[in-house]
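Have a look at the structure below, then the notes.
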Protein chains: 2
Amino acid sequence: MRLTTKGRYAVTAMLDLALHSDQGPVSLADISQRQGISLSYLEQLFARLRHFKLVKSVRGPGGGYRLMSSAAEVSVAQVVDAVSESLDATRCEGKGNCHEGEVCLTHHLWEDLSAQIHRFLSEITLADLVARNDIQTVSRRQDMRLVNTHCDETHIAVSEIL
Amino acid sequence: MRLTTKGRYAVTAMLDLALHSDQGPVSLADISQRQGISLSYLEQLFARLRHFKLVKSVRGPGGGYRLMSSAAEVSVAQVVDAVSESLDATRCEGKGNCHEGEVCLTHHLWEDLSAQIHRFLSEITLADLVARNDIQTVSRRQDMRLVNTHCDETHIAVSEIL
DNA sequence: TAATACTTGAGTAAAATACTCGGAATTAGC
DNA sequence: GCTAATTCCGAGTATTTTACTCAAGTATTA
């Protein structure tokens, strides 16, 4: 299991999804604005998330993405795994260049270690994160900002007409 | 805290060092042969390890590297941290360009998460790995129990935070 | 039918990774 | 002192990953 910024992006996006799950499908454009992640990059990430059945898409106007399961059933580990997908965990895959079998022992040690970290992240669900005070605070501010942005855009559009 | 193959290389090398610590200094050439890691890459990694005072070098013929402390005092986390050194964990460093100057949604989350994983890896020392390596064929069950114990402790810590 | 929004694929710049090379500096042993 | 073994050091490079852009689709609904 690898832990990079890619997984963080994915978790952030999924968390945004969970936070706005009561408002119908959430468009990637909204997530992009709120979280500052490029739309096209989100598209790639959500292609993976969709493939792993963590989200489902709703097409057409007013469409977007929804969580496939409830936030309580989606763990951070699942999200990270979906976008990481490094099956080539180590070089000691199968035979590889394991000299004298000694390296293979290290290989197993790392496998176990990864399993433990994986287990650790599996204990944390999106629902856990949504319940956190700090996240709710930040989320509320982000929502305000998005609304203001929309208002501004509308205002600009109106003034152009008039 | 990031988890990539780079850290695995470092841990593997340090484990090799610990396993042969009773035979005087271990040359990087030996580690390179045994573990199948390029010599020059090992040199780079050990420059970091040396800088972080995890190993000390002995120059000249018959020289090599020694553990600075005993294997029981060196944790996996220390090794991984030494070679990773990406203090700039995310865009959310301090205030930085988190997201338009504001703390981003998962800022606190990742901080806590990193701390927990770090704590988890801090529980595992090189001595643990060496011991586990020795008795692997004899009693893998006991090793599993040891790792599980660590996991349970971590789990408790996590639930306290969330 | 037109607008919305997902979907797909190709391409790309920047960074990290993993490694190579060429040489230094240091030191044990002859 | 000479030589070989070894750590050190800096520069360079190929590969992969990351993060992103662009462009052309397709599906859905108002």
Side-chain angles (χ1 to χ4, degrees), chain A residues 1-13 17 23-33 35-51 55-66 68 80 82-91 96-97 150 153 157, chain B residues 1-13 17 20 23-33 35-51 54-66 68 80 83-91 97 99:
Chain A
M1 179 165 200
R2 284 163 58 218
L3 275 183
T4 65
T5 54
K6 193 174 190 176
R8 300 188 181 194
Y9 275 117
V11 173
T12 299
L17 209 60
Q23 304 163 15
V26 181
S27 73
L28 293 188
D30 283 355
I31 299 178
S32 173
Q33 275 203 340
Q35 307 305 332
I37 309 172
S38 94
L39 178 59
S40 301
Y41 197 37
L42 280 175
E43 285 169 354
Q44 284 180 29
L45 295 179
F46 272 77
R48 303 293 277 281
L49 295 172
R50 194 172 63 91
H51 180 256
V55 298
K56 60 182 172 185
S57 64
V58 179
R59 306 179 81 152
Y65 282 93
R66 273 206 178 101
M68 197 75 148
V80 174
V83 297
S84 297
E85 192 217 23
S86 89
L87 300 177
D88 184 15
T90 52
R91 46 189 7 202
N97 42 3
H150 279 164
E153 285 173 354
Chain B
M1 179 167 198
R2 282 164 59 219
L3 275 183
T4 65
T5 54
K6 194 173 190 175
R8 300 189 183 193
Y9 275 118
V11 172
T12 300
L17 210 58
H20 300 87
Q23 306 163 16
V26 181
S27 74
L28 294 188
D30 284 354
I31 299 178
S32 173
Q33 275 203 338
Q35 306 303 334
I37 309 172
S38 95
L39 177 59
S40 301
Y41 196 38
L42 281 175
E43 284 171 355
Q44 286 181 30
L45 295 178
F46 273 76
R48 303 295 274 283
L49 296 173
R50 192 171 64 91
H51 181 256
L54 293 179
V55 298
K56 60 183 172 185
S57 64
V58 180
R59 302 179 81 156
Y65 282 94
R66 275 204 178 100
M68 198 75 150
V80 173
V83 297
S84 297
E85 193 219 21
S86 117
L87 300 179
D88 183 16
T90 51
R91 48 210 296 172
N97 47 356
H99 182 201

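Throughout, a chain's letter reflects where its sequence line sits, starting with A, and its residues are numbered from 1.
Here the P atom of nucleotide C:dT20 and the OH atom of B:Tyr41 are 12 Å apart, to the nearest Å. Whole-Å rounding puts the B:Ile31 CD1 to D:dT6 P distance at 12 Å. Distance CZ (A:Arg50) to C1' (C:dT7): 7 Å, rounded to an integer number of Å. To the nearest angstrom, P of C:dA16 lies 18 Å from OH of B:Tyr9. Atom C1' of nucleotide D:dT15 and atom NZ of B:Lys6 are separated by 15 Å, given to the nearest angstrom. Whole-Å rounding puts the B:Lys56 NZ to D:dC8 P distance at 13 Å. Look at CZ on A:Arg66: it is 15 Å from C1' on C:dC6, rounded to the nearest Å. Between the CZ atom of A:Arg48 and the C1' atom of D:dT18 there is a distance of 12 Å, rounded to whole Å.
When all heavy atoms of A:Pro25 and A:Gly64 are compared, the closest pair comes out as CB-N, 3.6 Å.
Among the protein residues, B:Tyr65 comes within range of the sugar-phosphate backbone only, with heavy atoms under 4.0 Å from sugar or phosphate atoms but none that close to a base. Looking at heavy-atom distances under 4.0 Å, A:Ser27 makes contact with sugar-phosphate atoms alone, never a base. Here B:Ser40 lies in heavy-atom contact (under 4.0 Å) with a base.
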Taking it one step at a time, do A:Lys6 and A:Ser84 satisfy side chain to side chain contact (heavy atoms under 4.5 Å, CB included)?
CA-CA 7 Å; A:Lys6 193 174 190 176; A:Ser84 297; over 6 Å; no

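Under the 30°/60° scheme for interplanar angles, the aromatic rings of A:Tyr65 and A:Phe46 are found to be tilted.
The closest donor-acceptor contact from the side chain of A:Ser32 to the backbone of A:Ile37 lies under 3.5 Å.
Under 4.0 angstrom from either OP1 or OP2 of D:dT21 there lies at least one side-chain N or O belonging to A:Ser38.
A:Thr12 is listed as a side-chain neighbour of A:Gln35, based on a closest heavy-atom distance under 4.5 Å.
Nearest-nucleotide assignment on DNA chain D puts the 5′-proximal partner with A:Leu39, out of A:Leu39 and A:Val58. Nucleotides of DNA chain C nearest to A:Gln44 and A:Gly60 differ in position, and the one nearer the 5' end is that of A:Gly60. Of the two residues near DNA chain D, A:Pro61 and B:Glu43, the one whose nearest nucleotide lies more 5' is B:Glu43.
Applying the 3.5 Å distance criterion, the base of D:dT7 shares a donor-acceptor pair with the side chain of B:Arg59.
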